[in-house]
Amino acid sequence: MTDTSSTGQARGEAPAPRRRALYRLMRYLPLVAPVLLWAVPCWVLLYAGQHWPAPVTAGGTALFVLGLVAMPLGMARGHGRRQQDAAAILGDTLLGASWVLFTWSVLLGVLLRLALAVAGVGDGQDRARAVTWAVLGVSAVLLAWGYAEARRVPRVRRLDVRLPRLGAGLDGLRVVLVTDTHYGPLDRARWSARVCETVNSLEADLVCHTGDIADGTAERRRAQAAPLGTVRATHARVYVTGNHEYYSEAQGWVDLMDRLGWEPLRNRHLLLERGGDTLVVAGVDDVTAESFGLPGHRAHLAGALDGADPDLPVLLLAHQPAFVDRAAAAGVDLQLSGHTHGGQIWPFHHLVRLDQPALAGLSHHGARTVLYTSRGTGFWGPPFRVFAPSEITLLVLRSGN
């Protein structure tokens, strides 16, 4: 007993210093990040040996200072108590643009300048100006492409998922997953309707929404969410809360989804039967739910599976991939999640990996648990997706027989 306990404690303590350091960093990130996002590109593009004429340097500096002031102000007024959509659009767009500028200022500021120096191309000023034009060009292309990717109807990603405990009568069951629609300041009611048309074209047996429906209350985003009521499924339409529901009166979203004909699986399950075989379809509230203090809102897997036959296969809806440890311990066969957005704007996925066990796609956990993490159907905040395309997912379940 002593040896086992000591080993477990040692394993548990190993990542603790790194985690504490990460939390300390995250505490100061809101103060430091905006300055870095604007100051680094300003220096690389204007002051790293370009020797631009004074009006160019002064004008460019003024634009960067304006961005540094407008971005946090717009986000605070847009996502704070004021909930001003125009301010949110401005702040979010500037956040995405500054992230892309920062990324490519760092990469091209180092790699391209080094390559030009090794190749002996031009003098210091020529190389510095080449870097400036390269950064601006690459950033403009990526932002235009990323905007188009964010606003388009997602492509359908199709894949088979084999579950050894799934009965033969359920072989070929079609499960469609949408998640992280994030209806928000940009009115996407038409986009929402087209997404639902695409879902209906897939002729699903089961349609799942794993949370983060919107940024804003159900009353505020009702028009964008209304097309969800047109979604069709042979057996059921099921939904669980994401963390963003809890920023915007989560119970209002649960009630609206119920009125739209979706089954809110709040720590409960239903049984899907076909061909003489049965699948347990369960869902839990988001793992952040309890911290918001809403009565009855918490992630409770035991409650979700209460009364279910342990010999039946289980499909679990949980917004965050991080819940998979609990799912694997309970012997869940398949967990469907979202939350990560696949990183949304490269290379943000490196930060996502610090918080979640999976970024996108299929992964295996424990003895039998399969996790599918969607890159999300919509986008959060900045209206850009760079190297992280959105998706509507069709999972065809295959039995082990």
Side-chain angles (χ1 to χ4, degrees), residues 25-79 86-150 185 343-351 379-388:
L25 175 64
M26 294 298 289
R27 184 184 306 171
Y28 297 106
L29 197 60
L31 299 176
V32 177
V35 176
L36 289 177
L37 287 177
W38 292 97
V40 170
C42 181
W43 182 82
V44 170
L45 302 183
L46 297 175
Y47 293 97
Q50 288 86 351
H51 303 297
W52 298 112
V56 174
T57 302
T61 302
L63 286 176
F64 279 107
V65 171
L66 183 61
L68 174 59
V69 173
M71 183 186 78
L73 182 62
M75 295 187 71
R77 295 177 71 91
H79 298 291
I89 293 170
L90 174 64
D92 293 344
T93 302
L94 288 174
L95 174 62
S98 64
W99 175 255
V100 171
L101 270 174
F102 171 84
T103 298
W104 293 96
S105 292
V106 172
L107 291 179
L108 293 179
V110 174
L111 298 179
L112 180 58
R113 190 185 294 258
L114 180 62
L116 292 175
V118 171
V121 176
D123 57 18
Q125 177 176 292
D126 292 337
R127 291 194 289 269
R129 291 192 177 189
V131 166
T132 295
W133 292 118
V135 169
L136 292 175
V138 168
S139 297
V141 169
L142 288 177
L143 288 171
W145 174 61
Y147 181 79
E149 279 290 303
Q344 187 163 320
I345 304 177
W346 186 89
F348 195 77
H349 68 284
H350 289 299
L351 296 179
F379 61 86
W380 173 85
F384 308 106
R385 274 188 171 270
V386 177
F387 305 133

- prompt: Shortest non-hydrogen contact from Asp126 to Gly122?
  reply: OD2-CA, 3.8 Å

Name of the residue among Leu142, Leu136, Val135, Val141 meeting side chain to side chain contact (heavy atoms under 4.5 Å, CB included) with Val138: Leu142

message: For Leu90, is there any backbone N or O sitting under 3.5 Å from a side-chain donor or acceptor partner on Thr93?
response: no

- prompt: Taking everything shown except Trp145 itself, do over 12 heavy atoms lie less than 6.0 Å from its CH2?
  reply: yes

- request: For residues Leu101 and Leu37, determine if any side-chain heavy atom of one lies less than 4.5 Å from a side-chain heavy atom of the other.
  value: no

- request: Could you label the plane-to-plane angle of the Trp104 and Trp346 rings as parallel, tilted or perpendicular, counting under 30° as parallel and over 60° as perpendicular?
  value: tilted

task: Any chance you could measure Leu63, atom CG, to Leu45, atom CG, to the nearest 0.5 Å?
output: 11.5 Å

task: Locate the shortest heavy-atom distance separating Ala88 from Pro185; write the atom from each residue and the value.
output: CB-CG, 3.6 Å

- prompt: Are any non-hydrogen side-chain atoms of Ile345 and Thr103 less than 4.5 angstrom apart?
  reply: no

- prompt: When rounded to the nearest 0.5 angstrom, what distance separates CG in Leu107 from CG in Leu112?
  reply: 11.0 Å

field: Interatomic distance, Thr132 atom OG1 to Arg113 atom CZ [nearest 0.5 angstrom]
entry: 7.5 Å

query: If only atom types and distance count, is the side chain of Gln125 paired as donor or acceptor with the main-chain N or O of Trp52 below 3.5 Å?
result: no

query: Quick one: are Pro347 and Trp99 in side-chain contact, heavy atoms under 4.5 Å?
result: yes

Closest heavy-atom pair and its distance - Ala128, Gln50: O-NE2, 3.4 Å

- prompt: Is the count of non-hydrogen atoms from other residues, nucleotides or ligands lying under 6.0 Å from Phe102 atom CZ greater than 12?
  reply: yes

query: Less than 4.5 Å apart, any side-chain heavy atom of Asp92 and any of His79?
result: yes

task: Without swapping roles, check the side chain of Arg127 against the backbone of Ala115 for a donor-acceptor pair under 3.5 Å.
output: no

task: For Gly78 and Ala87, work out which heavy atoms get closest and say how close.
output: N-CB, 4.0 Å

query: Are a donor atom and an acceptor atom from the side chains of Thr61 and Tyr47 found within less than 3.5 Å of each other?
result: yes

message: How close do Phe64 and Pro41 get, counting heavy atoms only, and between which atoms?
response: CE2-CB, 3.8 Å

task: Indicate yes or no: at least one non-hydrogen side-chain atom of Leu94 is less than 4.5 angstrom from one of Trp38.
output: yes

- prompt: Is the backbone of Trp380 close enough, under 3.5 Å, to the side chain of Gln344 for a donor and an acceptor to pair up by distance?
  reply: yes

- prompt: For the side chain of Glu149 and the backbone of Val386, is there at least one donor-acceptor N/O pair under 3.5 Å apart?
  reply: no

